[in-house]
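Have a look at the structure below before the remarks.
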Amino acid sequence: MGTWIVNGQILDGENNRVAKSVFIENGRIAKIVDGEVAVKDTEGHELIDAAGQLIAPGLIDMHVHLREPGFEHKETIATGTRSAARGGFTTIACMPNTRPVIDTPETVKYVLDKAESEGIVRVLPYGCITDNQLGRELTDFAALKEAGVFAFTDDGVGVQSAQMMKDAMTKAAALGMPVVAHCEDNTLVVGAAVTEGAFARKHGLKGIPNESEAIHVGRDILLAEATGVHYHVCHVSTEQSVRLIRQAKQLGIKVTAEVCPHHLLLSDEDIPGMDANWKMNPPLRTPKDVKACIEGLEDGTIDIVVTDHAPHSEEEKAKGMEAAPFGIVGFETAFPLLYTKFVLTGQWTLQFLLDRMTVKPAEVFELDWGTLKVGAAADIVLIDLEAEKEVDPSEFLSKGRNTPFTGWKLKGWPTQTMVAGRVVWSEA
Ligand code: NCD
Ligand code: ZN
């Protein structure tokens, strides 16, 4: 028995939607036909009515925190993957800053086993660059690769030593693996919660300078050039980083980059007060930086959109702007936010946005998913592009409620998510 998705629309050209029906068999897309399907052809198969919905490839998120093992009060692989599915994501790449961190084959196996038994979307684990993310000794890259990691990162902290980073890149390059970097120079940031800028001045706070990110980006680009590794920059937030990555790409250095919805939509001038739901790392930057990040994504300097889904408990976030941990949740608002604020305003086409959340991440990390082609895995999301709804954190499937987007009126809500042809989440 197969599954027919009928009455839906597929994007065919930048904003052009056409009526199509999709047939799924053995977890793969078997057929895509124009218009409707005769009732007799659907007999004996499961039917999914996608009336009024866009049929899109399942979204891919290459930067997420699932918190397991060790921080199950913030999120688990079970809740995190449900939150991802509700956001339309079918493949997510989880960061290794758990407890213990993912720096051994055993912890990789733990995450993969949990994802298999309790997760509902595809989970790709990152492995740490350094033991315990302490920046002192490299992990065993070959063993981690063998255990199933697809790239290395110490996300959560920057790799402080240039020599350590160079050694990491040399080893990763030899294994054909990417190095993915949280860029932050700790000699420039000591205990600040927000960016240097209007908000910090107004509240008499220390600010995190743009250079703390960009200095690592610049350093690492030079090291990537020297080692030939595929170097990927996490959550780009500053004008200077965009400039450096643009130049590196022009020079043919193998660098790619990601940006988060919040760094495209919010600046430090939007922060309403000392509310930790507006605190994340990197912080919301100035309007000039926001503009540079948007331009960077638009001209291809920045390749993909990621959420940096970073759930924390309400108690932790209630500690206030200065004491609360960094991070906001992202899965369940990412697509509607960008669709409403960039596509419906006419700045981007729907194809532009979808590409940056599907085919581009697949291209950057050489993944098999993110496309609706015949023969591809049937990782599919149905999206209602018309209905408007407010962001209501009490509806989140994530354990985290920490978002600055509460109450935003948005369109573009996923209604049903399928992984390998199996419905893993549906609205009703
Ligand atoms: C992340 C976290 O909470 O683990 N926080 C954040 O604000 N982004 C760490 C990170 O991605 O750097
Ligand atoms: Zn990070």
Side-chain angles (χ1 to χ4, degrees), residues 61-77 80 83 92-102 111 125-126 128-130 132-133 135 151-160 165 179-186 189 191-195 208 212-214 216-217 220 231-238 241 257-264 266 268 271 275-285 293 302 304-317 319 321-331 333-334 398-405:
D61 189 346
M62 299 308 296
H63 189 138
V64 322
H65 299 272
L66 295 180
R67 305 303 191 202
E68 200 173 358
F71 300 105
E72 288 84 356
H73 66 287
K74 298 176 196 274
E75 193 81 287
T76 62
I77 288 170
S83 173
I92 60 179
C94 64
M95 287 301 175
N97 61 338
T98 48
R99 189 176 58 201
V101 300
I102 304 169
V111 169
Y126 281 99
C128 291
I129 295 173
T130 67
N132 251 313
Q133 296 196 324
F152 301 104
T153 184
D154 269 0
D155 183 56
V157 289
V159 174
Q160 299 304 309
M165 194 51 145
V179 167
V180 174
H182 169 114
C183 289
E184 183 173 12
D185 184 315
N186 290 348
V189 269
V194 295
T195 199
I208 305 170
S212 73
E213 172 178 294
H216 268 205
V217 174
D220 291 352
Y231 171 64
H232 178 83
V233 188
C234 286
H235 39 49
V236 170
S237 71
T238 72
S241 304
E258 63 184 41
V259 67
C260 307
H262 46 276
H263 291 126
L264 299 169
L266 302 172
D268 68 329
I271 307 175
D275 175 353
N277 284 331
W278 297 73
K279 176 178 181 178
M280 74 294 285
N281 191 14
L284 297 175
R285 302 286 188 179
C293 287
I302 298 174
I304 63 173
V305 171
V306 302
T307 66
D308 193 4
H309 178 79
H312 293 290
S313 70
E314 277 177 75
E315 299 71 49
E316 289 164 315
K317 277 299 195 182
K319 290 179 183 161
M321 189 61 114
E322 287 179 279
F326 290 95
I328 61 170
V329 291
F331 286 140
T333 51
S398 170
K399 287 192 182 183
R401 300 281 184 267
N402 44 314
T403 175
F405 296 111

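Worth saying up front: this structure is predicted, and the values here are computed from it rather than measured. As the structure lists them, so they are numbered: ligands from 1, and atoms in each ligand from 1.
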Problem - Residue pair His309 / Asp61, side-chain donor-acceptor N/O under 3.5 Å - result: no

Exercise for the section: Identify the residue among His262, His263, Glu213 that makes a side chain to side chain donor-acceptor pair (under 3.5 Å) with Ser237. Expected result: Glu213

Problem - Where the Zn ion (ligand 2) is the vertex, angle from His182 ND1 to His235 NE2 to 10° - result: 110°

Practice task
Report yes or no: does Gly156 have a heavy atom closer than 4.0 Å to ligand 1?
Solution key: yes

Problem - Asp155 N/O/S atom closer than 2.8 Å to the Zn ion (ligand 2) - result: yes

Practice task
Report the distance from atom CG of Asp268 to atom CZ of Arg285, rounding to the nearest 0.5 Å.
Solution key: 9.5 Å

Practice task
Please confirm whether Phe326 comes within less than 3.5 Å of ligand 1 when only nitrogen or oxygen atoms on both sides are compared.
Solution key: yes

Handout entry: Glu75 side chain to His312 side chain, donor-acceptor N/O pair below 3.5 angstrom
Key = no

Practice task
Run down the list His63, Met95, His235, His65 and name the one with the heavy atom closest to atom 1 (C) of ligand 1.
Solution key: His65

Exercise for the section: Answer yes if the ring centres of His235 and His182 are under 6.0 angstrom apart, and no otherwise. Expected result: yes

Handout entry: Arg401 (side chain) donor-acceptor with Ser398 (main chain) under 3.5 angstrom
Key = yes

Fill in the blank from the handout: Here the pair of heavy atoms bringing Pro261 nearest to Val305 is CD-CG1, 4.0 Å

Practice task
Give the numbers and elements of all ligand 1 atoms closer than 4.0 Å to a heavy atom of Asp155.
Solution key: 10 (C), 11 (O), 12 (O)

Handout entry: Numbering as shown, the atoms of ligand 1 that approach Met280 to under 4.0 Å (heavy-atom distance)
Key = 7 (O)

Problem - Residue and atom name of the nearest protein heavy atom (relative to atom 6 (C) of ligand 1), distance in Å to one decimal - result: Asn281 O, 3.5 Å

Exercise for the section: Report, in ascending order of atom number, the atoms of ligand 1 lying under 4.0 Å from any heavy atom of Asp308. Expected result: 6 (C), 8 (N), 11 (O)

Exercise for the section: Decide whether an N or O pair under 3.5 Å exists between Ile328 and ligand 1. Expected result: no

Practice task
Go through ligand 1 atom by atom and flag the ones less than 4.0 Å from a non-hydrogen atom of His312.
Solution key: 3 (O)

Practice task
For the residue pair Asp308 and His65, confirm or rule out a side-chain donor-acceptor distance under 3.5 Å.
Solution key: yes

Handout entry: Close approach, Arg67 and ligand 1, non-hydrogen under 4.0 angstrom
Key = yes

